[in-house]
Amino acid sequence: MRNITLEIGNGEFFTLLGPSGCGKTTLLRMIAGFTELDAGEIRIGDKRIDILPPHRRNIGMVFQNYAIFPNLTVGGNIAYGLKARKVGNAEITTRVADALALVRLQGYGERWPHQLSGGQLQRVAIARALVIRPEVLLLDEPLSNLDARLRVDMRAEIRELQQRLNITTVYVTHDQEEALAVSRRIAVMQAGRIEQLDTPEIIYRKPTSLFVAQFMGTTNVLTGVVERRTSGPARVRIGPVEVEVANLDACEGETVSVCIRPEALQIVGGGQAAPAGMARIEATIGRVEFIGALSRLDVELAGGMALKVAVLDDMAAFAKPGGSIVLAYDPARVTVFRRGAS
Amino acid sequence: MRALTIAPLARLPVAMGVAAFLFLGLFLLYPLWGVLSASVLTPDGTALTFGNYGRILSRSFYRASVANTLMIGALATITTTLIAVPLAFAIARLDIPGKLLLIGLAALPLVLPSFVGAYALLLLFGRAGVVTQFLNSWGVPFGSIYGVPGIVAVYTLTLYPYVLLPTVAALKAIDISVEEAAQSLGSSPARTFRTITLPIVIPSVLSGALLVLIETLENFGVPAVLAEDMPILSVETYKLFIGETAANPSAAGVLGVLLIVLTASVLVIQRRYLASRRFATGARVAPPVIRTGTGWRVVATTYSWAVVLLALVPFFAIVVLSFMEFRGPVLHAAFSLKNYVELFASAQRPLANTLLFATLAAGAAAFIGVPVGWIVVRTRSVWTGLLDVTATLPFAVAGTILAIGLVIAFNAGGLVLTGGWLIMVLAYTVRKLPFTVRASSAILHQIDPSLEEASISLGVSPLRTLLRLIVPLMLGGIVSGMVLTWVTVASELSSTVVLYSGPWRTLTIVMFQALEGTGAGVAVAAASLLIAITLVPVLAAYRLLRRYELSML
């Protein structure tokens with residue numbers, strides 16, 4: 001890991017996102033103090049913390065497997081950090097009760113961890129981290145051990161709690177949907193570097209590298225050559241097909257990667273014109289996969305390039321395997337990456 | 001500057017690791033170095049020479065001791081494996097009545113003192129043995145069990161759990177779906193066993209078998225009782241050391257080095273080769289019991305119970321015989337408490353010593369072994385690996401040799417320990433250290449490291465986290481390691497026989513001396529007392545031991 005410079009705002013919900021092994025957890029553990037820095041500094045406000053041992057950093061951490069102490073009750077777990085801070089007994093009692101209420105576990109103080117479900121253990125872990133009034137809250141893939149539905153509920157709850165307490169939060173996940181849903185800003189990491197750091201919308205719509213484009217959900221990646229620009233919009237030729245591009249940072253004749261997300265392609269119904277400002281493209285339908293609210297289409301462009309298209313249920317009626325189809329797209333949603341640049 | 005600072009989180013393991021290395025260096029490596037240097041110095045200790053090796057090895061008596069030791073070890077390893085593998089299969093996969101009790105009884109020979117078993121065999125089948133005399137009185141000729149047959153029999157009956165337990169564990173860990181896959185591909189049950197099941201468990205079998213080999217190579221008590229005139233390496237080393245009058249025990253040093261080289265090479269093979277060859281099949285549930293016909297069921301049940309009970313018969317016999325009357329070495333079929341009266345008249349101090357030493361050694365082994373276990377599991381570095389190897393080394397060092405080394409090292413100079421009790425407790429602590437290290441690391445593997453990190457990040461220092469959070473969580477493992485240490489120290493003979501002095505005799509020494517003299521009655525009573533002393537704590541802590549010690553073999 002090298003050349004990482006980050007500034008996280010007060011009360012910000014900040015996410016480190018990337019595939020496993022990208023360094024996101026290492027970075028989080030550096031903040032917590034469990035991984036040593038070879039060089040560089042970490043500060044909270046004006047206070048330099050990387051020289052402090054981890055137990056003096058006053059950082060709340062929620063671990064991937066919760067790390068609930070099995071030999072202590074729920075209340076004992078939450079009181080643990082307060083006792084280490086020599087907080088008086090009366091205050092411990094009220095603060096533990098408050099923390100339990102905060103995570104909606106009133107009355108669970110006497111229970112033992114093995115009597116709790118995964119979601120409840122998760123709440124205990126959060127309460128235990130928050131009760132010490134940390135300056136920063138760190139969450140290391142906190143939802144990865146929960147089932148899909150609970151994961152969606154919990155992430156909303158964590159986000160809501162963070163907003164209410166206005167606590168600076170660093171969240172680590174490999175799940176791009178989770179990251180998009182909760183974060184104010186996201187740092188997409190790969191191989192120990194930050195690939196892109198921005199708000200969820202910009203990261204999704206305007207990825208600055210092919211890696212980010214492909215990591216943030218499904219995308220079509222096509223290889224093309226930049227056309228000579230005479231008039232009108234810039235164009236990239238993909239076999240016999242020409243694609244319009246709004247923003248182009250490449251020389252003519254250069255081979256580039258062209259990305260367009262499946263949902264940025266729309267079916268244009270029988271004989272209609274493309275909506276204003278949209279370009280059009282013709283294709284042959286290969287396979288149609290109905291998955292409820294959406295249908296996924298595999299289509300083929302002239303010249304054999306395959307494209308994935310995602311269309312809303314009501315437009316899927318036009319899609320018949322083997323038929324030909326007209327697709328419309330906004331040139332602004334086509335991103336072009338120079339080869340070798342990423 | 002940066003290279004000299006130690007990261008905050010590494011300070012505790014580094015400090016404890018340095019302390020552990022100091023202890024092991026002073027009381028394990030330095031004594032072993034003493035044995036090695038004794039073997040390459042002239043008898044007066046002034047000049048370097050390799051002549052000692054030539055001198056010893058040129059004598060056929062000592063060459064025979066090496067050959068005998070290896071031959072008996074190999075034989076016992078084979079018989080043990082042949083007995084234990086079918087038993088393991090029966091326990092793991094067949095429907096046998098009383099299986100839980102059977103497993104419990106099968107583990108007992110591991111903690112019962114093997115030389116007591118040897119002595120029992122002698123009382124039953126020796127020249128004046130109960131069974132021998134009974135057979136002879138009916139005119140049935142019965143040969144001698146002294147030497148190879150007796151020693152191999154005792155080893156087989158006391159060491160078979162070393163193969164049995166890991167094999168049962170491996171058989172239970174097999175994911176049944178691999179066997180089902182083989183059968184759905186057209187393989188018969190017998191072929192499946194031969195081509196799938198057996199190859200998967202073989203590494204566990206061999207690993208246990210090599211532990212048996214190490215035990216036989218370094219055992220002192222069994223050959224001391226049963227070998228008679230047959231030279232055995234561990235016994236001859238002891239005799240040479242006791243008999244040597246020169247300043248430097250060069251002859252004993254040579255045999256000691258040979259024995260260490262043998263056991264250490266087996267340990268290296270066991271650790272390095274087999275550890276990496278274990279197949280992790282990761283079954284969530286143990287394979288179901290195989291349904292067999294009544295015939296097979298009877299065969300399996302009879303075999304299993306016969307092996308397990310046969311191994312316990314000698315110990316049972318000792319206890320029964322201890323309540324009979326001995327006149328000199330001759331047994332009379334009359335109930336009597338005379339043996340115990342005689343024992344307690346003379347052996348109160350040794351009994352107190354035994355209990356005291358066992359308690360001190362168990363405490364010391366935990367005090368050193370738990371931190372070592374924690375370091376070995378929680379930190380990764382060259383030093384950690386070295387610490388792990390050093391702490392396992394006592395397994396491969398015969399008690400006799402370690403004791404000789406301690407005598408050489410602390411007989412003179414700045415730190416004189418010989419003749420006192422401390423040197424004995426140190427020897428026991430070092431010898432049994434692998435038990436507490438292994439028990440601690442076994443349970444630490446089940447405690448997620450994030451618990452420690454959570455505690456530290458909540459503001460509790462690493463040392464307090466270890467003491468207040470992790471040690472309580474490890475308690476089951478620590479107690480089981482201490483019980484095993486206590487029990488095996490109470491019945492320890494091989495290093496005691498070298499190190500004891502007048503007031504610090506133990507119960508094992510009382511028994512050993514009674515064996516050599518004529519006091520068979522005292523020996524039997526002492527042996528029974530040893531059985532009771534080892535059995536009671538083991539039965540009390542049986543659940544813990546099964547969970548943390550026996551499962552780690």
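Just so we're clear, the structure is a prediction, and the values are computed from it rather than from any experiment. Letters A, B, ... mirror the listed sequences (proteins, then strands); counts begin at 1.
Heavy atoms of Arg57(A) lying under 4.5 Å from chain B are absent altogether. Proximity to chain B is limited to the backbone of Ile68(A), based on heavy atoms less than 4.5 angstrom apart.
Using a 4.5 Å heavy-atom threshold, the side chains of Ser457(B) and Phe34(A) count as touching.
Taking Leu52(A), Asn65(A), Ile132(A) one by one and counting their heavy-atom pairs under 4.5 Å with chain B, the maximum is reached by Asn65(A). Of the listed residues (Pro449(B), Ala454(B), Pro472(B)), the one with the most heavy-atom contacts under 4.5 Å to chain A is Ala454(B).
With sequence neighbours left out, Ala179(A) forms a side chain to side chain contact (heavy atoms under 4.5 Å, CB included) with Thr15(A), Leu17(A), Thr173(A), Ser183(A), Ile186(A).
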Name the atoms and distances for all side-chain donor-acceptor pairs under 3.5 Å in residues 114-128 of chain A, with sequence neighbours left out.
residue: Gln115(A); atom: OE1; partner: Trp112(A); partner atom: N; Å: 2.8
residue: Ser117(A); atom: OG; partner: Gln120(A); partner atom: N; Å: 3.4
residue: Ser117(A); atom: OG; partner: Gln120(A); partner atom: OE1; Å: 3.4
residue: Gln120(A); atom: OE1; partner: Ser117(A); partner atom: N; Å: 2.9
residue: Gln120(A); atom: NE2; partner: Tyr108(A); partner atom: OH; Å: 3.2
residue: Arg123(A); atom: NH1; partner: Val103(A); partner atom: O; Å: 3.4
residue: Arg123(A); atom: NH1; partner: Glu157(A); partner atom: OE2; Å: 2.7
residue: Arg128(A); atom: NH1; partner: Ala67(A); partner atom: O; Å: 2.9
residue: Arg128(A); atom: NH1; partner: Asn77(A); partner atom: OD1; Å: 3.1
residue: Arg128(A); atom: NH2; partner: Tyr66(A); partner atom: O; Å: 3.2
residue: Arg128(A); atom: NH2; partner: Ala67(A); partner atom: O; Å: 2.9

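Ring geometry, Trp383(B) versus Phe21(B): the interplanar angle exceeds 60°, so the pair is classed perpendicular (tilted spans 30 to 60°).
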